[in-house]
Chemist: 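What follows is a single structure, and I will ask about it in a moment.
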Amino acid sequence: MTSGHPLLSSSDSPSAPLVPSSSLTKNLARISSNASFSSSSLDNNDDAQSDLLEVKDDVAVSGCSEKPLENSTNLAGPLGSRLLPQFPLENPTRDRRRLVSWGAMELHNETRSSGTLEISQGSSRVQAKLSQRIRHKSVQFDDNLLHDDNPRLIYINDPKRTNDKYEFTGNEIRTSKYTIITFLPKNLFIQFHRVAYLYFLAIAALNQLPPLAVFGRTVSLFPLLFVLCVTAIKDGYEDWRRHRSDRNENNREALVFQSGQFQPKKWKHIQVGEVLKICADDTIPCDVVLLGTSDPSGIAYIQTMNLDGESNLKTRYARQETTSAVCEGCTFLGLIRCEQPNRNVYEFTANMEFNGHKFPLSQSNIVLRGCQLKNTAWAIGVVVYAGQETKAMLNSAASPSKRSKLESYMNRETLWLSVFLFVMCAVVATGMGLWLMRHKGQIDTLAYYRKRYYSDGKENGKTYRFYGIPMEIFFSFLSSIIVFQIMIPISLYITMELVRLGQSYFMIEDRHMFDSSSGSRFQCRSLNINEDLGQIRYIFSDKTGTLTENKMEFRRASIFGRSFGTSLQEANVAGIGLGRKRWKLKSEISVDNELVEFLHKDLSENDRIAAHEFFLTLAACNTVVPIVSNGTSSSCGKSELDDVEAIDYQGESPDEQALVSAASAYGYTLFERTSGHIVMDVNGEKLRLDVLGLHEFDSVRKRMSVVIRFPNNTVKVLVKGADTTMFGTLANDSERDDHLTRSTQSHLSEYSSEGLRTLVVAARDLTDEQLEQWQSMYEDASTSLTDRSSKLRQTAALIECNLKLLGATAIEDKLQDGVPEAIESLRQAGIKVWVLTGDKQETAISIGLSCKLLTADMQQIIINGTSEDECRNLLADSMAKYGVKSSNKRDPSFKLKKNAENGYLEIPGNAKTSCVPEWNGGKEEGKMNAPLALIIDGNSLVYILEKDLELELFDLATSCSVVLCCRVAPLQKAGIVDLIKTRTDDMTLAIGDGANDVSMIQMADVGVGICGQEGRQAVMASDFAMGQFRFLKTLLLVHGHWNYQRVGYMILYNFYRNAVFVLMLFWFILSTAFSTTSALTDWSSVFYSVIYTSLPTIVVGILDKDLSHRTLLQYPKLYGAGHRHEAYNLHLFWITMLDTVWQSLVLFYVPLFTYKDSSIDIWSMGSLWTIAVVVLVNVHLAMDVHRWVFITQIAVWGSIIITYACMVVLDSIPVFPNYWTIYHLAKSPTYWIAILLITVVALLPRFVFKVVNHIFWPSDIQIAREAEVLNRQRKHLSSKQDDSSS
């Protein structure tokens, strides 16, 4: 490869572990795209070391000490047009069977050795099994692959010829759901997916039939129409906003080459094949292959924040063949053969024919819709995908919807209410039948059931519509359903939506969850699961960027067997510089004076070369973009004004930025990067290096290499990577090499124990023959349209061997503020915190100790198996040693016992664990009492996540206080979450900050994204988002507790409120010959749950607080109320229903006995019952309010006033049968006494029960409330004494 060949950007990293396109692919695709992560995550050790199973190939490359990893998973995309572009998910050939490995996802040939094949097959079973369990919706990669017989042909600057043949879509996009024509039918169809809506529609339809018209036909439709209209208005407004956004987007303008010049054209009219010109800071209107840029070398900088959320600049390149033509002003003529549209934003495979040349295109040559052009004056490109076929639009799938656990319980109770409804209707219908049979001979003369008219007039002698006793029984049953319809509370759905919306507002506005450092506030991205925050039992956390800051600082270095970094000092100005010029880094870098002296003193030949090549590798082996400011800095004193030039590094990986900045601080400053070379300032001397090729960091090789030609024409390969793969590529030709390797390994262990992230640095010289062989293989691999990535991997293996070890680096990723305190509080709350990371085991353990996840008194169980049998034995030995019983040997009711005993036991004050393991008797006392910590690596998980080992892992892991999974792949993270979800009823929460955490976040019951340094992929896939991990304590212990208590009570109260009203009607019907006659007006029945009693429920559900913010944080164990389901459970439901029966009896019979001897009419009695039931349910609610504020007072007592006002209005309408009844009743003292008597007698048992319960069996929350009240009284008294003394 010549220096003119463009580099590839590091964004061309694998988006997901490669999956086969067999039937297994369709299952795996559901999560593999959500596991997509760019090289920003791969370059971190967190992810670079996340793939765990390396299978060596049978074919060795001559002269290499390591067998090439060919036919393994795809490499990260290249940094140049010829450097490792990923090939799309391709269909396997018929003579090849693709087997998926869990960790590294290698693809193996059938002809492998039996041992290797066995491992691969086992891993594929793990993958297939997990993919079948993980059912959440996600972006699925298409199997639209590039085949020689089915390419997509793009004729450059000839859209008519292009589109005439293939009928490509235009560039107009549409994200809205509805049009004016489809809105009504489509919206109603979506809404009626709720079964409750179908129920009320059936009720309204029944009420339209003449024999069943209990209510007025219009009135019966009001509740359903109200709910449908409210939801339709909300959906319509949201879709109108989408239409407005689409209109603004489609009407933006871009410069299109027409009639020999670039002219403005609306985005929606742009077609595939047209040539565009994009100016600086413009947004890319469609997917465009670059033809040329303002940079002579064809480089362009883009920002992909709108696409993947990452703010760092990425590099894209135009081919030199097209760049020169654009600069010379040639016409744009050529042909592009590319793959069909697909969703993988990290892949693009194509060929271009231009001016007689045919050359390959890769991901580094395409810019996607939604990106922005930065630091580049202009770029010219041809449209290859437009409109809905662009990768951005194909990836615009919504996050999977999640349902609240309380809502599922609510459906169970709704089923019970349906049973009650059926029983009541059956009782009424049966009573009707028995009554008619008993009075069969009197039907002609009975007031309500006579068969004939006897009044004078034209009706005289005619018969009523009497359908016979069997049909009357049937009609009575249906009429009862209509009368008792609100037993199923339709208003509860709207109430829950409004309550959750209000709760979300106060969570967003909570100043305790505002991150001042980044200016980010809390985000509620899902309104369906607020109350689930109060029931979390397991937290699955990423480490890098979640527990740590993901702001890397270079701390230690091992150079040729010597360790540096023990004495660091801040150094703002980097290097000696060119002449008097020196470089000022944007961030402060700490340097080790001992290392500075080491670099500048006379060294032996080997030491000097090793140190020089070590820092050259740090400065050159990366994809970082240096940005030099136009101005100069004068921060170094008056005598040095204009001597210091500011430089900043933009990279996709914080690790790379830290290493390049460190190299600059020690005198190796990278200040220019073009498509074919880099320029650096080496201790005052300008050094220009030609970049012949770059093999990107990927998750299988776990290393990165760059081929550099020096000014003296020597060629070197500079390599950095994870120690697990680097030491296998070293040349150990002498005892000196062995000693150097042992020393470096010792330093790596030391650095890892300090919690530092490590990389190994090595290099080698290439002879002319080796370079020629590599270039030849590379040329063939980069132009291949099939198996391109595996061929490129073989090419990389050719030069990444026989390396000379230079040293190792250690980067510190500091803990975020408040992480240890947050974890300790969460564990005291009974929540288990599991950490799933791609880091080394030693690093993960060190971070675990520093954040108090691991403690010194814990018994550490380490599972590092290399085979299925070894993992089985390790699990069995650990379970036997620590007395953990297997689930299949326990009592069948173990799960319930575990929930009742382990999960819900109050944790002793001195305990550090949130779960009490179940032990065998006869074990040592020390082992029984010591909490356990399970530490397991991803390689072991490849074998353990099998059908017969999952159970053992589950038993051991759930018996431990802490689980730490190291070097796990993104899909393994989702698999661990799924292991707990499928085997327990406990709520899970996953929290992470990178794209590699997306699968885990979407798999968990609650997903939380951190607004961190790795972009916003995790945030965009999450249910909630925050700036720091420590805010999780406030979110769960405070808002989670409040939301759970509020929503749990609100559901029970809604059931009670509607049931007491229905039972009152039921008792009335039993007293009126089962006639389904109602004493209440139609409007009163409708308004009861919609207007009379709805507002207090909403206000209390949003504002009520059983405990203060301070108390909940001070006593984390109060969170256990959610684990014990104290606010909502089946026991509470039945108690509430019994209380409801009592209150309804009092409500009905007290007025009946009060007015027994009076001449009061039925409508007056109905008016009394309406007012009484509203007063009763509001006073009932008032008894349970914990925190009275002004709005609560208005809502509770105001609803009673509103009810009276509505009654006055309804009773003032002459056409209604209840005309003027309220005026007559209000004059009588009996009326007011009856209401008071009803309220007191109905609520007396509830009051007594609460008092006795609080005195003899107080809950933790009640005790804490009493403590709060006593503290307030004590402070009040002390303040009074201070005032009196003064």
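We number each residue from 1, following the sequence as shown.
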Chemist: Would Arg757 and Asp655 pass as an ion pair if we require N to O under 4.0 Å?
Modeler: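 The answer is yes: the pair qualifies as a salt bridge.
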Chemist: Are side-chain heavy atoms of Met680 and Phe615 found at a separation under 4.5 Å?
Modeler: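 Not touching, per the 4.5 Å side-chain cut-off.
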Chemist: Ala808 and Leu748: which non-hydrogen atoms are nearest, and at how many Å?
Modeler: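 Nearest heavy atoms, Ala808 then Leu748: CB-CD2, 3.6 Å.
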Chemist: Determine whether a donor-acceptor pair (N or O, by modelled atom type, separation under 3.5 Å) exists between the side chain of Arg562 and the backbone of Asp607.
Modeler: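 Checking the backbone N and O of Asp607 against the side chain of Arg562, no donor-acceptor pair under 3.5 Å is found.
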Chemist: Restricting to non-hydrogen atoms, name the atom on Met726 and the atom on Ala762 that form the minimum distance, rounded to 0.1 Å.
Modeler: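 Smallest heavy-atom distance, with atoms named: CE-CB, 3.8 Å.
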Chemist: So do the side chains of Arg556 and Phe564 get within less than 4.5 Å of each other, counting heavy atoms only?
Modeler: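 Side chain of Arg556 against side chain of Phe564, heavy atoms only: no contact under 4.5 Å found.
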Chemist: So how far is it from Leu618 CG to Ser664 OG, rounded to the nearest 0.5 Å?
Modeler: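 Between atom CG of Leu618 and atom OG of Ser664 there are 11.5 Å.
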Chemist: Looking only at heavy atoms, which two atoms of Met352 and Thr322 are closest? And how far apart?
Modeler: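 Shortest heavy-atom separation between Met352 and Thr322 comes out as SD-CG2, 3.6 Å.
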Chemist: Taking C-beta and beyond as the side chain, do Ile799 and His695 meet within less than 4.5 Å on heavy atoms?
Modeler: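 Heavy-atom side-chain distance check passes, below 4.5 Å.
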Chemist: Given Asp723 and Gln745, is the side-chain contact (heavy atoms from CB on, under 4.5 Å) satisfied, shown in steps?
Modeler: CA-CA 8 Å; Asp723 58 343; Gln745 287 176 329; over 6 Å; no
Chemist: Working to the nearest 0.5 Å, report the span between OG1 of Thr376 and CG of Leu373.
Modeler: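 These two atoms lie 4.5 Å from each other.
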Chemist: Around atom CD of Glu353, are there more than 12 heavy atoms of other residues, nucleotides or ligands at under 6.0 Å?
Modeler: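 Buried by this count: over 12 neighbours within 6.0 Å.
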Chemist: Are side-chain N/O atoms of Thr293 and Asp295 paired as donor and acceptor at under 3.5 Å?
Modeler: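 No pair is found: no donor N or O on one side chain lies under 3.5 Å from an acceptor on the other.
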Chemist: Run the numbers on Glu696 and Thr623 for side-chain contact (heavy atoms from CB on, under 4.5 Å), then give the verdict.
Modeler: CA-CA 9 Å; Glu696 183 58 84; Thr623 59; 3.5 Å; yes
Chemist: Strictly distance-based, threshold 3.5 Å: is any side-chain N or O of Gln770 a donor or acceptor partner for the main-chain N or O of Thr767?
Modeler: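 Yes, Gln770 side chain to Thr767 backbone: donor-acceptor pair under 3.5 Å.
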Chemist: Looking at side-chain heavy atoms only, is the closest gap between Cys621 and Leu616 below 4.5 Å?
Modeler: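 Result no, sub-4.5 Å side-chain heavy-atom pair not found.
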Chemist: Examine distances only and state if a side-chain atom of Arg316 and a backbone atom of Asn365 form a donor-acceptor pair shorter than 3.5 Å.
Modeler: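 No, Arg316 side chain to Asn365 backbone: no donor-acceptor pair under 3.5 Å.
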Chemist: Who passes side-chain hydrogen bond (donor to acceptor under 3.5 Å, both in side chains) against Asp648, sequence neighbours left out?
Modeler: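 Per chain and number, Asp648 pairs via side-chain hydrogen bond (donor to acceptor under 3.5 Å, both in side chains) with no residue.
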Chemist: If I compare all heavy atoms of Gln657 with all of Val624, which pair ends up nearest, and what's the gap?
Modeler: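 Answer, listing the atom of Gln657 first, then Val624: N-CG2, 4.1 Å.
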Chemist: How far does CZ of Arg967 sit from NZ of Lys702, to the nearest 0.5 angstrom?
Modeler: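 It comes to 6.0 Å.
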Chemist: Rounded at 0.5 Å granularity, tell me how far CD1 in Ile678 sits from CG in Leu687.
Modeler: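 Here the rounded value is 8.0 Å.
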Chemist: What are the two closest non-hydrogen atoms of Leu740 and Phe560, and how far apart are they?
Modeler: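 So the minimum-distance heavy-atom pair works out to CD1-C, 3.2 Å.
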Chemist: Would you indicate whether the side-chain heavy atoms of Val367 and Asp287 approach each other to under 4.5 Å?
Modeler: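 No, side chains not in contact.
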Chemist: Quick one: are Lys720 and Asn622 in side-chain contact, heavy atoms under 4.5 Å?
Modeler: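 Yes - at least one pair of side-chain heavy atoms lies under 4.5 Å apart.
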Chemist: Report the residues that fulfil ring-ring contact (aromatic ring centres under 6.0 Å, His included) with His357, sequence neighbours left out, ordered by chain and then residue number.
Modeler: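 So His357 forms no ring-ring contact (aromatic ring centres under 6.0 Å, His included) with any residue.
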Chemist: Does the side chain of Val717 reach to within under 4.5 Å of the side chain of Leu766, using non-hydrogen atoms?
Modeler: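 Val717 reaches Leu766 side chain to side chain.
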Chemist: At what distance, to the nearest 0.5 angstrom, does CD of Gln794 lie from NZ of Lys791?
Modeler: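 So the gap between those two atoms works out to 8.5 Å.
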Chemist: Between the main-chain N or O of Gly721 and the side-chain N or O of Thr725, is there a donor-acceptor pair closer than 3.5 Å?
Modeler: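 Checked: no pair found.
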Chemist: So, does Ser324 use its side chain to make a donor-acceptor pair with the main chain of Glu321 at under 3.5 Å?
Modeler: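 Yes.
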Chemist: Could you verify whether a donor N or O on one side chain and an acceptor N or O on the other, from Thr729 and Glu800, lie under 3.5 Å apart?
Modeler: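 No, because no side-chain N or O of Thr729 sits under 3.5 Å from a partner of the opposite role on Glu800.
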Chemist: Determine the sole option in Tyr668, Tyr666, Phe710 for which the ring pair (Phe, Tyr, Trp, His ring centres under 6.0 Å) test with His612 is passed.
Modeler: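 The residue from Tyr668, Tyr666, Phe710 that satisfies ring pair (Phe, Tyr, Trp, His ring centres under 6.0 Å) with His612 turns out to be Tyr668.
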Chemist: Going through the checks in order, is the side-chain hydrogen bond (donor to acceptor under 3.5 Å, both in side chains) test met by Tyr751 and Ser558?
Modeler: CA-CA 10 Å; Tyr751 300 158; Ser558 173; 4.8 Å; no
Chemist: Between CG of Leu361 and CD1 of Ile336, what distance do you get to the nearest 0.5 Å?
Modeler: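 Answer rounded to 0.5 Å: 6.0 Å.
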Chemist: Taking only residues two or more places apart in sequence, or in another chain, which ones meet Arg688 in a salt bridge (Lys or Arg N to Asp or Glu O under 4.0 Å)?
Modeler: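 Arg688 satisfies salt bridge (Lys or Arg N to Asp or Glu O under 4.0 Å) with Asp690 only.
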Chemist: List the atom of Phe614, the atom of Ala557, and the distance in Å for their closest heavy-atom pair.
Modeler: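 That closest heavy-atom pairing would be CZ-CB, 4.2 Å.
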Chemist: Could you give me the CA-CA distance, side-chain angles and deciding distance for Glu553 and Ile811, then say whether side-chain contact (heavy atoms from CB on, under 4.5 Å) is met?
Modeler: CA-CA 5 Å; Glu553 295 184 16; Ile811 299 173; 5.6 Å; no
Chemist: Would a 4.5 Å heavy-atom cut-off, applied to side chains only, mark Thr809 and Thr758 as touching?
Modeler: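 Counting from C-beta outward, Thr809 and Thr758 never come under 4.5 Å.
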Chemist: Only one of Val691, Leu692, Leu694, Leu718 forms a side-chain contact (heavy atoms from CB on, under 4.5 Å) with Val707, so which one is it?
Modeler: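 Going through Val691, Leu692, Leu694, Leu718 one by one, the side-chain contact (heavy atoms from CB on, under 4.5 Å) with Val707 is satisfied by Leu692 alone.
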Chemist: Kindly indicate, with the supporting measurements, whether the criterion side-chain contact (heavy atoms from CB on, under 4.5 Å) is fulfilled by Arg709 and Asn713.
Modeler: CA-CA 6 Å; Arg709 187 191 300 277; Asn713 282 331; 3.9 Å; yes
Chemist: Do Tyr317 and Thr323 meet the criterion of a side-chain donor-acceptor pair at a distance under 3.5 Å?
Modeler: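 Side chains of Tyr317 and Thr323: no pair found under 3.5 Å.
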